[in-house]
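Per chain, numbering begins at 1; letters A, B, ... match sequence-line order.
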Number of protein chains: 2
Amino acid sequence: MTLDAVARRAGVSLATASRALNGTTRVREDLRSRVRAAADQLGYIPNAHAQALASASNNTVGLICHDVGDPYFAAIAAGVMRAAAEKDLLVMLASTFREPAREIAYVSTLRAQRARAILLIGSGFQDRTWERALAAELEPYVRAGGRVAVVSRHRSLRVDAVLPENRGGASALARALLDLGHREFAVLTGPPSLTTVSDRLAGFRDELARAGVTLAPERIVRGPFTREGGYTAARALLARGERPTCVFAVTDVMAVGALAAFRERGVRVPEDISLAGFDDIPLVRELSPPLTTVALPLTAMGQEVMALALREPRGPRSRVLRMGGEVVLRASVAPPPPRPARADGGAH
Amino acid sequence: MTLDAVARRAGVSLATASRALNGTTRVREDLRSRVRAAADQLGYIPNAHAQALASASNNTVGLICHDVGDPYFAAIAAGVMRAAAEKDLLVMLASTFREPAREIAYVSTLRAQRARAILLIGSGFQDRTWERALAAELEPYVRAGGRVAVVSRHRSLRVDAVLPENRGGASALARALLDLGHREFAVLTGPPSLTTVSDRLAGFRDELARAGVTLAPERIVRGPFTREGGYTAARALLARGERPTCVFAVTDVMAVGALAAFRERGVRVPEDISLAGFDDIPLVRELSPPLTTVALPLTAMGQEVMALALREPRGPRSRVLRMGGEVVLRASVAPPPPRPARADGGAH
DNA sequence: GCGCTTTCTGAAAGCGTTTTCTCGCAGAGG
DNA sequence: CCTCTGCGAGAAAACGCTTTCAGAAAGCGC
């Protein structure tokens, strides 16, 4: 099953067998077909490791995300896979399960694999130390010719990036909600140091401010970027006695959790509270009610980040591709209810 | 950045450097720490290809599924990733996008990578020829020590498998629907040659038959295993003038499509038609209305299939692990409406 | 103090390819 | 007829590691 065996069976030298199969140089046609036949008969499968070692190159790329089970990452990953299939690349997938240490370990592993490119999907971690350690791991990789590209990553990494239109999208969403007549807002948000969070929050808040509406701090509830995070955040909001007319969850996944919490508490959406998310993950339009959100072309973003990683860099500047950000109005938002009786929190 | 450089810098031989870093043999402590220090200073990262080549082993496994973007596969993949992280394995992910040729090509690629194990997720393809070609590709791999394990695969492959309780689950679902009083059923189904499809269909139909209820052929509509497939199948059903009181979609993803079609046509679920799915993918409980389905522990299945692949085979028999199959009743089903006026198809 | 184990280290032989480098040979040009 | 090109094939040198095989050093009993 080695090339040597194939060569011997075909009655040619090792070198010729290699050339015949790879087509790197001209080989006499009869020899080539003899080699091909021998390889077929022996069921020869080249050893990718030997090839990689000898040729100092390979066809693998690494993809690091928080959790493939999350529809957001799954959709982006699907786009990456599509692009990889087209370019005949093999994707090594790594899920960090949101543990910073694991992320850095994976980068190291992918370096050891001599992956052509490393794709980082999703916001970085809060901890500045980790971000620095990550950069330290990435820098020699890039210097050695490796490519790095990210989707919505911390800005401290100077690499090519696909950036969701977080700020603009959130602003547009706020605009749309204001236009419906809302003035009382609450936000369900994630870890504050993530750019994804701060951008969306800033965009939303700025647009409100422009309309003279302020967002009270007690109406900003934090939680992890998960369904549970949205659920508990929404419950916390209600428990505080807050009754905004409109809630913005910074991700659709959190919005799903919030929806469940509202339903559980008998709060009707959108009659009592309007709810909006961000990302437009699949299935979100099938919810009850269909969720208003800011659309991100997730699969296309996956394809683009791969393309970005593969494209020859033309200068020292990192390229940035902004995508998405369009508001998709669905039934989960409606004009605010007419002057609800103020639900007072305490008995002052 | 080669081990040779590290060894030189530490003032030891190549062999000692290797042993010091891998800990395969005892190495004097001062030498070991000198090697470690040298490796650190040089930012040494071992070349996984060279290691794999020299040691004839590596830590990668291959995962082949139809589409990571599909929540069903995403959830299973998440389980596989979890198991892989625990065992320190790197996962090479391949999406076939439902093209048989691509699947076989990926197996070949993974063979070339000398992956420790190959995991095949999802039903096989209709075409008997492809299934045979796949087996032919897998057989020498297994003989060479490779491990193969599958989730819900065609039985013609004699490999370890995690099998969803398709038949039993569908039967139980039918039982539950009959108990609610339904007698007029329709089924939205996938490609008939897939065991997933035939098992679910058989389990459902058998249970109906046991209750003396027959499933008319014109009430079985086929389509691909996608949201669109469910959507068009449901539309086709309605267009034929069929008005069953209960529809069973063989996958949740198809059920989601059906739900959209029903909504579009003004058919209320569950008031006019009850709807049930299969798989219990995430988010399906958040639908409008929440979907009744048969639960499969998808993430656990992913972990188990990895475990199965890694476990030392104890005999020639392939192991089979049946999982899931419990009915989850949610609001998408209800007792049938009281004797609806028969919507007649033609004017006989 | 001598031989016998027992550790530990180093030299060197692979692992399975790709890729020079060399050389034979045929055809072209003088 | 002889030399010069150029094409195609083979020998052999990497590629960066692990691991076997010896050998040196050290520990031990007698």
Side-chain angles (χ1 to χ4, degrees), chain A residues 1-36 38-39 42-60 108-109 111-116 140 144-146, chain B residues 1-36 38-39 42-60 108-116 140-141 144-146:
Chain A
M1 307 116 234
T2 71
L3 186 55
D4 193 53
V6 174
R8 220 173 352 243
R9 181 174 243 263
V12 300
S13 76
L14 186 59
T16 302
S18 171
R19 287 189 278 245
L21 293 178
N22 297 323
T24 47
T25 319
R26 286 225 55 75
V27 173
R28 229 169 59 216
E29 205 39 58
D30 57 326
L31 291 193
R32 182 186 300 274
S33 55
R34 252 162 55 200
V35 172
R36 287 239 182 82
L42 264 45
Y44 169 70
I45 300 253
N47 184 320
H49 297 299
Q51 292 187 188
L53 188 58
S55 67
S57 76
N58 67 55
N59 292 317
T60 62
S108 188
T109 302
R111 286 227 278 154
Q113 297 287 338
R114 302 297 188 263
R116 267 209 197 173
Chain B
M1 309 113 234
T2 70
L3 186 55
D4 193 53
V6 174
R8 226 182 337 256
R9 180 176 244 261
V12 298
S13 75
L14 185 59
T16 303
S18 170
R19 288 188 279 244
L21 293 178
N22 297 321
T24 48
T25 319
R26 285 224 58 73
V27 173
R28 227 168 60 216
E29 205 39 60
D30 59 325
L31 291 193
R32 181 186 302 274
S33 56
R34 251 160 59 199
V35 172
R36 287 240 182 81
L42 264 45
Y44 169 71
I45 299 254
N47 183 320
H49 297 300
Q51 294 189 155
L53 189 57
S55 67
S57 75
N58 68 56
N59 293 317
T60 61
S108 190
T109 302
L110 292 173
R111 286 227 278 154
Q113 297 285 340
R114 301 298 187 261
R116 268 209 196 171
Y141 173 69

Value in whole Å for how far the [atom2] atom of [N] lies from [atom1] of [X]:
X: A/His49; N: D/dA14; atom1: NE2; atom2: P; result: 24 Å
X: A/Leu21; N: C/dT18; atom1: CG; atom2: C1'; result: 12 Å
X: B/Leu53; N: D/dA14; atom1: CG; atom2: P; result: 17 Å
X: A/Leu42; N: C/dG16; atom1: CG; atom2: P; result: 14 Å
X: A/Asn58; N: C/dG16; atom1: CG; atom2: C1'; result: 16 Å
X: A/Asp30; N: D/dG8; atom1: CG; atom2: C1'; result: 11 Å
X: B/Arg8; N: C/dG10; atom1: CZ; atom2: P; result: 14 Å
X: A/Gln113; N: D/dG16; atom1: CD; atom2: P; result: 16 Å

If the condition is salt bridge (charged side-chain N to carboxylate O under 4.0 Å, His left out), which residues does A/Arg36 pass it with, not counting sequence neighbours?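 Per chain and number, A/Arg36 pairs via salt bridge (charged side-chain N to carboxylate O under 4.0 Å, His left out) with no residue.
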Sequence-distant partners of A/Arg32, salt bridge (charged side-chain N to carboxylate O under 4.0 Å, His left out), two or more places apart: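 With neighbours one apart ignored, the set is A/Glu29.
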In chain order, what residues pass the side chain to side chain contact (heavy atoms under 4.5 Å, CB included) check against A/Ser55, with sequence neighbours excluded?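 Listed in chain order: A/Ser57.
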Only counting residues at least two apart or in another chain, list the ones meeting side chain to side chain donor-acceptor pair (under 3.5 Å) with A/Arg111.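 Listed in chain order: A/Glu137.
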In 5'-to-3' order, the base (B), backbone-only (S) or no-contact (-) status of each nucleotide in nucleotides 17-26 of chain D, using a 4.0 angstrom heavy-atom cut-off, is BBBB------
Please tabulate, for side-chain N and O atoms in residues 17-27 of chain A, each donor-acceptor pair with protein atoms closer than 3.5 Å (sequence neighbours left out).
unit_1: A/Ser18; atom_1: OG; unit_2: A/Asn22; atom_2: ND2; d: 3.4
unit_1: A/Asn22; atom_1: ND2; unit_2: A/Ser18; atom_2: O; d: 3.1

Go through the side-chain N and O atoms of A/Asp4 and A/Thr2 and say whether any donor and acceptor fall under 3.5 Å apart.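 On atom types as modelled, these side chains do not qualify, holding no pair under 3.5 Å.
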